[in-house]
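Report on the structure given below.
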Protein chains: 2
Amino acid sequence: MVSGKMKPLVENNSVIRVMFEEGKRLSSIYGPENVFDFSLGNPNVPAPDEVKESILEIIQEEDSAFIHGYMSNAGYEDVRETIAHSLNERFGTDFGVNNILMTVGAASGLNVILKTILEPGDEVIVFAPYFVEYGNYVANYDGRLVTVSPNTVDFQPNLEELKQKITEKTKAVIINTPNNPTGVVYSEDTLKKLAEILENKEKEFKREIVLLSDEPYRELAYDGVQVPYVTKYYKNTVVCYSYSKSLSLPGERIGYLVIPNELRDSQETFTAASIANRVLGCVNAPSLMQRVIKRCIEKGASVNLMAYDRNRNRLYEGLKECGFSCIRPDGAFYLFVKSPVEDEKEFCSRAAKHNLLLVPGSSFACPGYVRIAYCVSYEKIEGSMPAFRALAEEYGLQPV
Amino acid sequence: MVSGKMKPLVENNSVIRVMFEEGKRLSSIYGPENVFDFSLGNPNVPAPDEVKESILEIIQEEDSAFIHGYMSNAGYEDVRETIAHSLNERFGTDFGVNNILMTVGAASGLNVILKTILEPGDEVIVFAPYFVEYGNYVANYDGRLVTVSPNTVDFQPNLEELKQKITEKTKAVIINTPNNPTGVVYSEDTLKKLAEILENKEKEFKREIVLLSDEPYRELAYDGVQVPYVTKYYKNTVVCYSYSKSLSLPGERIGYLVIPNELRDSQETFTAASIANRVLGCVNAPSLMQRVIKRCIEKGASVNLMAYDRNRNRLYEGLKECGFSCIRPDGAFYLFVKSPVEDEKEFCSRAAKHNLLLVPGSSFACPGYVRIAYCVSYEKIEGSMPAFRALAEEYGLQPV
């Protein structure tokens, strides 16, 4: 019954999801307080109060047929206007209502733009470590994923290898900053160099290369680190944004695409993307949540970043004290830790025996590392420290 | 920039949407009260009060991280359990939590199941007149749409022609009852005959043929007409349901697939469909709305069907009095009217001069007819009668 393209996906059902189930199983045996599930990027910080306030206001003040009704496939115009205005204020951009397309989260936004631009056989370049679903999204439209190997010094993208990997078939490059799984923020210098490479290759191959900037973690940056706005560095950029993390609404599936005027064939692309949103079956982003977003922007709502920051510091310091080594992350809610042994899957299995659930780096095309999602309670992080210490001792790591 | 597959879609942007824009244009000239836009299936009957009540209860009583958080890709288990139970009570079925997969509306449900089962080149049969997006959904997965011509006597499906059109490449047949655009409900007799044909052809070609039952209008049936539950007649059935019409929530994008145990490879198909939901970028159906659905089912919520029924009767009688001919619809909120001239697009253009916006039947692969969506206010229907009379007179129709 199941198609040939789907069969392997069923067989290799996402490792992360499998761990999620494993966490539930361990919890039922040892009690949830004794299981340290760092496997899933499910935000534990609740949505800001403004979400609840906005929902209440909307259902009291706005008309039901309007709140829950169809609108333009691209989304409510006033919502898109508010988002454009907010981006312009924050980043000095110049977006209008026809540059913002509301989507069912960033994952759907990526699907929409890939459906819009990809020809079968087109190559899409990603930088390892990368979110494994990119491969599935690209395959949906018969594109071919091309991987640039990781730069394990600082996990900025390996731009020298990028140059080698761009061919006359390259249609897009996906970046994700702040990054899942490393937490690294791409610097302005990185973006400038990346833009220069893409511009030169566009000339060389006489073909547009679209930079897809997947930005669900944009608002999650610490220590005052700036996340440069990518459209300002490279004109053929499309931004895929989500409120899953910035307002802790992952289940609501609400985000948007930015299709700037500077993009080649901008308005035709916008129209095509609106149609792709429709024909892929989303039709439009969920209506009530669109209206919630508008009010939340107007109220200046944001998640409690301090909670993530506290987790980050505690976990980073704690792991270092145990003797583990990792890059201090500037953003997102992940730590990418070097496995003390080459086969990080073995490391994950040993960790699971201490009720620590970590995701192997090979799930992100970066073996030898593991991802720890610290979007959990502070108590969970505190509580996990003895288990991490015991695990470190098993490997004979020296506390720093 | 735009891919070859998307280009024609941009060029032939949905006729219905174009009319929607035309309606806005005419309204700005003549005033909205003087424009009779029957082009869009956007429910005018508001969501039942239980929707608002449920939203209020949920955001007061349930935890924010739960309401807006990730859950299994298939949806919250308690929501799926409630839906299964409700179907079982109403239709004598035997569904459980692993037969219900929450989706971003029926359109996304169709995409999910087509992605799950279609091989490139597989044929999917539809009965004209049919919702034009089916062609796009099937093309998304490189399937080939095969059309059975309309039975204009009573608009039940043309089963004799179906027999001829099934080949060794046929993977699925889509039905839509109550039907958009005709309003016709497929009878139990029709479904039994259809099932028999499919079972025989499955044996002949030694291959499963999946019956996809697209049911956004299931709850909209009048005069006590029963809409038979399709899984009871044919085992390889998948139901694609939506709350867009039954609870007037079209913008919220909330529905579900029913993948019954009787379907060949049922649980593998369910798993694959959950993954398809994820990799197509929906990830899961919007979370708050899932929770709303659970409470609305428990409260026995439904839209005010009487309002549609009143519209239906007034419009049907009014058009007949003018001399137009159409089948009296048993369900949905559409009338499918015979054009007084062969070229129904010319008829639509003339109607537009009377500020009547109708959709040509050729948009549903059934030229010679027009669709009137009566999901508008009663006043709008009353107000449109003089325009319909004037239009009928232009064509020399005889009042009945």
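Below, chain A is the first sequence line, B the second, and so on; all start at residue 1. Since we're looking at a predicted model, the values are computed, not measured.
The contact between A:K115 and chain B is made by backbone and side chain atoms together, counting heavy-atom distances below 4.5 Å. Contacts between A:V210 and chain B at a heavy-atom distance below 4.5 Å involve the side chain alone, from C-beta outward. Neither the backbone nor the side chain of A:V45 comes within less than 4.5 Å of any heavy atom of chain B. At a 4.5 Å heavy-atom cutoff, the contact between B:S64 and chain A is made by side-chain atoms alone. Both the backbone and the side chain of A:T269 have a heavy atom closer than 4.5 Å to some heavy atom of chain B. Contacts between A:E252 and chain B at a heavy-atom distance below 4.5 Å involve backbone atoms as well as side-chain atoms. For chain B, the nearby part of A:A285 is the backbone; its heavy atoms alone come within less than 4.5 Å. For chain B, no part of A:D63 is nearby; none of its heavy atoms comes within less than 4.5 Å. Looking at B:R253, only its side chain comes within 4.5 Å of chain A, counting heavy atoms on both sides. Using a 4.5 Å cut-off between heavy atoms, A:L263 contacts chain B through its side chain alone, with no backbone atom that close. At a 4.5 Å heavy-atom cutoff, A:L110 makes no contact with chain B through either its backbone or its side chain.
Judged purely by atom type and a 3.5 angstrom limit, B:N284 uses its side chain to pair as donor or acceptor with the backbone of A:G251. Judged by distance alone, the side chain of A:N73 and the main-chain N or O of A:V283 form a donor-acceptor pair under 3.5 Å.
Side-chain contact check for A:N140 and A:N111: at least one donor-acceptor pair (N or O, by modelled atom type) lies under 3.5 Å. For the residue pair A:Y141 / A:D122, no side-chain donor-acceptor distance below 3.5 Å is found, with atom types taken as modelled.
With respect to chain A, the highest number of heavy-atom pairs below 4.5 Å among B:S287, B:A107, B:A106, B:G105 belongs to B:S287. Of the residues considered (B:E268, B:R207, B:E208), B:E268 shows the highest number of contacts with chain A, using heavy-atom pairs under 4.5 Å. Note on B:N136, B:V104, B:T116: by heavy-atom pairs under 4.5 Å with chain A, the leading option is B:T116. Of the listed residues B:C282, B:P250, B:P286, the one with more heavy-atom pairs under 4.5 angstrom with chain A than any other is B:P250. Ranked by heavy-atom pairs under 4.5 Å with chain A, the list B:L56, B:D142, B:L280, B:L114 is led by B:L280. When the candidates A:P46, A:A272, A:A276 are compared by the number of heavy-atom contacts under 4.5 Å with chain B, A:A272 comes out ahead.
Taking the six-membered ring where the residue is Trp, B:Y256 and B:Y241 present parallel rings, their angle staying beneath 30° rather than reaching 60°.
Using a cutoff of 4.0 Å between basic side-chain nitrogens and carboxylate oxygens, A:R295 and A:E53 are not scored as salt-bridged. With respect to the salt-bridge test (charged N to carboxylate O, under 4.0 angstrom), the residues B:E119 and B:K169 do not qualify.
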Assess whether side chain to side chain contact (heavy atoms under 4.5 Å, CB included) is satisfied between B:D214 and B:Y134, documenting all intermediate values. CA-CA 10 Å; B:D214 180 27; B:Y134 293 155; 2.5 Å; yes
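In this view, A:D265 satisfies the side-chain hydrogen bond (donor to acceptor under 3.5 Å, both in side chains) rule with no residue, not counting sequence neighbours.
In this structure, B:C375 and B:N44 have side chains that are in contact, with non-hydrogen atoms separated by less than 4.5 Å.
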